[in-house]
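Hydrogens, waters and symmetry mates are skipped; everything else that's a heavy atom, side chains included, is used. Please read all numbers here as calculations on a predicted model, not as lab measurements.
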Amino acid sequence: WVQEEAPDVLCLQETKCGVSAVPPEVRALPGLPHQFWASAEGRPGYSGVGLLAKTEPLNVTYGIGDPEHDADGRVVTAEFPSLFVVCAYVPNAGRGLVRLEPRMRFDTAFLEFLRRLDAQKPVLLCGDLNVAHAEIDLCHPRSNRNNPGFTPQEREGFTRLLGAGFVDSFRHLYPEARGAFTFWTYLGGARARNVGWRLDYAVVSQRLLGSLCDTKIRNTVAGSDHCPITALLAV
């Protein structure tokens, strides 16, 4: 699928493997020779992201400059001539919301990080942001109102991101699209019934909207409880 899609940049989240454990078939993906991996320090099988690129970035950084969260390997940022591409796996609030407070601290620090980047050049944020922003972004909003990914605090965190000059590209292009989900639990045949959530986003700096061609949810691509999304920009 990756070869058919032929992305200029491929962002992967929740890889759950260190650099040395990246499968050889991923290492050898044609057209994506520049690969940058982050993993959780001392926690094999937890978190992790990867950013793979067709052309070599000008610069690559890891983390967001916050010691509380950077050890988890959640963010890789690649600088290209016309923009930053940020690959992110945002923390889950956890069952019973036991990690909601750390999640909210991450949201605050991450927004400041994105603002610093945006002051230099436009940003494309790609990743599993672990929040369904609006009721249209999940199948059963009423019954999930206080569940991880749809708490008022997490949704407000995303609203603050949008208020800081960033745009949810899919919802900008398709404001009324329903049933547009990127995650389905493995339980109860949820994917076949499209009982899902939209947790994966391509968020762009407002001044990139003129370059935004489309954002697609590739919901027929199997292999995970999430599906890929594709952002098309003319930059």
Side-chain angles (χ1 to χ4, degrees), residues 1-2 4-16 26 47-52 74-76 85-95 103 106-107 110 114 123-145 147-151 153-159 161-162 166-204 208 212-233:
W1 179 82
V2 172
E4 290 175 1
E5 194 76 358
D8 294 299
V9 180
L10 176 66
C11 296
L12 304 172
Q13 296 86 38
E14 202 174 3
T15 53
K16 297 188 176 183
V26 176
S47 189
V49 293
L51 187 151
L52 294 72
R74 294 187 176 278
V75 178
V76 173
V85 177
V86 180
C87 173
Y89 174 46
V90 170
N92 191 299
R95 184 171 298 181
R103 158 62 189 266
F106 178 91
D107 280 0
F110 191 37
L114 295 172
V123 173
L124 167 62
L125 163 62
C126 298
D128 177 359
L129 304 189
N130 258 319
V131 62
H133 183 226
E135 292 193 353
I136 196 174
D137 294 317
L138 72 166
C139 189
H140 296 306
R142 185 171 299 177
S143 59
N144 283 291
R145 203 162 300 281
N147 285 339
F150 198 59
T151 62
Q153 296 95 320
E154 292 164 301
R155 296 169 67 191
E156 176 58 31
F158 194 86
T159 298
L161 174 65
L162 300 183
F166 297 95
V167 178
D168 173 356
S169 64
F170 179 83
R171 198 50 78 193
H172 172 78
L173 294 169
Y174 305 102
E176 304 299 329
R178 295 187 173 275
F181 305 135
T182 66
F183 164 81
W184 306 262
T185 176
Y186 284 125
L187 302 174
R191 187 160 186 171
R193 297 184 293 120
N194 199 30
V195 178
W197 300 55
R198 190 169 70 96
L199 301 179
D200 303 272
Y201 295 80
V203 173
V204 297
L208 274 180
L212 178 65
C213 302
D214 207 351
T215 302
K216 294 292 188 184
I217 294 176
R218 307 299 199 189
N219 56 11
T220 62
V221 180
S224 170
D225 52 359
H226 291 252
C227 75
I229 65 171
T230 301
L232 303 167
L233 290 91

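- Across every non-hydrogen atom of P228 and W1, the tightest pair is CB-CH2, 3.5 Å.
- When the side-chain hydrogen bond (donor to acceptor under 3.5 Å, both in side chains) test is applied to T185, no partner is found at least two apart in sequence or on another chain.
- The side-chain heavy atoms of V9 and L52, taken from C-beta on, include no pair separated by under 4.5 Å.
- At a threshold of 4.5 Å between non-hydrogen side-chain atoms, the residues V123 and F166 count as touching.
- Scored by the side-chain hydrogen bond (donor to acceptor under 3.5 Å, both in side chains) test, Y89 finds E14 as partners (sequence neighbours excluded).
- For E154 against G149, the heavy-atom pair with the smallest separation is OE1-N, 2.9 Å.
- Here CG of D225 is found 13.0 Å from CH2 of W197. Values are rounded to the nearest 0.5 Å.
- Formation of a donor-acceptor pair under 3.5 Å by the R103 side chain with backbone atoms of Q153 is not found in this model.
- The side-chain contact (heavy atoms from CB on, under 4.5 Å) test with V86 is passed by exactly one of V203, L114, L124, V76: L114.
- In this structure, S169 contributes its side chain and A202 its backbone to a donor-acceptor pair below 3.5 Å.
- Looking at residues two or more places apart in sequence or on another chain, you find a side-chain hydrogen bond (donor to acceptor under 3.5 Å, both in side chains) between D200 and T182, H226.
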Task: R193 and C139: CA distance, side-chain angles, deciding distance, side-chain contact (heavy atoms from CB on, under 4.5 Å) verdict - done: CA-CA 10 Å; R193 297 184 293 120; C139 189; over 6 Å; no
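- Atom CD1 of residue I136 and atom OH of residue Y174 lie 13.5 Å apart, to the nearest 0.5 angstrom.
- Side-chain atoms of N194 and W184 form a donor-acceptor pair, as typed in the model, at a separation below 3.5 Å.
- A side-chain contact (heavy atoms from CB on, under 4.5 Å) with V90 is found for exactly one of D107, V131, D128, namely D107.
- Atoms CD1 and SG, on I229 and C126 in that order, are 6.5 Å from each other to the nearest 0.5 Å.
- The only member of R142, H140, R145 that meets side chain to side chain donor-acceptor pair (under 3.5 Å) when paired with E135 is R145.
- Residues F106 and R74 are in side-chain contact: their nearest non-hydrogen atoms beyond the backbone lie under 4.5 Å apart.
- Scanning for side-chain contact (heavy atoms from CB on, under 4.5 Å) contacts around C87 gives C11, Q13, V49, L51, with sequence neighbours left out.
- Summarising the geometry, atom CZ belonging to R155 is positioned 9.0 Å from atom CG belonging to D137; distances are rounded to the nearest 0.5 Å.
- Distance CG/L173 to CG/L232: 10.0 Å, rounded to 0.5 Å.
- In this structure E156 satisfies the side-chain hydrogen bond (donor to acceptor under 3.5 Å, both in side chains) test with no other residue, sequence neighbours excluded.
- When all heavy atoms of F110 and A88 are compared, the closest pair comes out as CZ-CB, 3.7 Å.
- Listed by chain and number, the residues in a side-chain contact (heavy atoms from CB on, under 4.5 Å) with D168 are F158, L162, F170, R171, R198, Y201 (sequence neighbours excluded).
- Rounding to the nearest 0.5 angstrom, the gap separating the CG atom in L138 from the OG atom in S143 is 7.5 Å.
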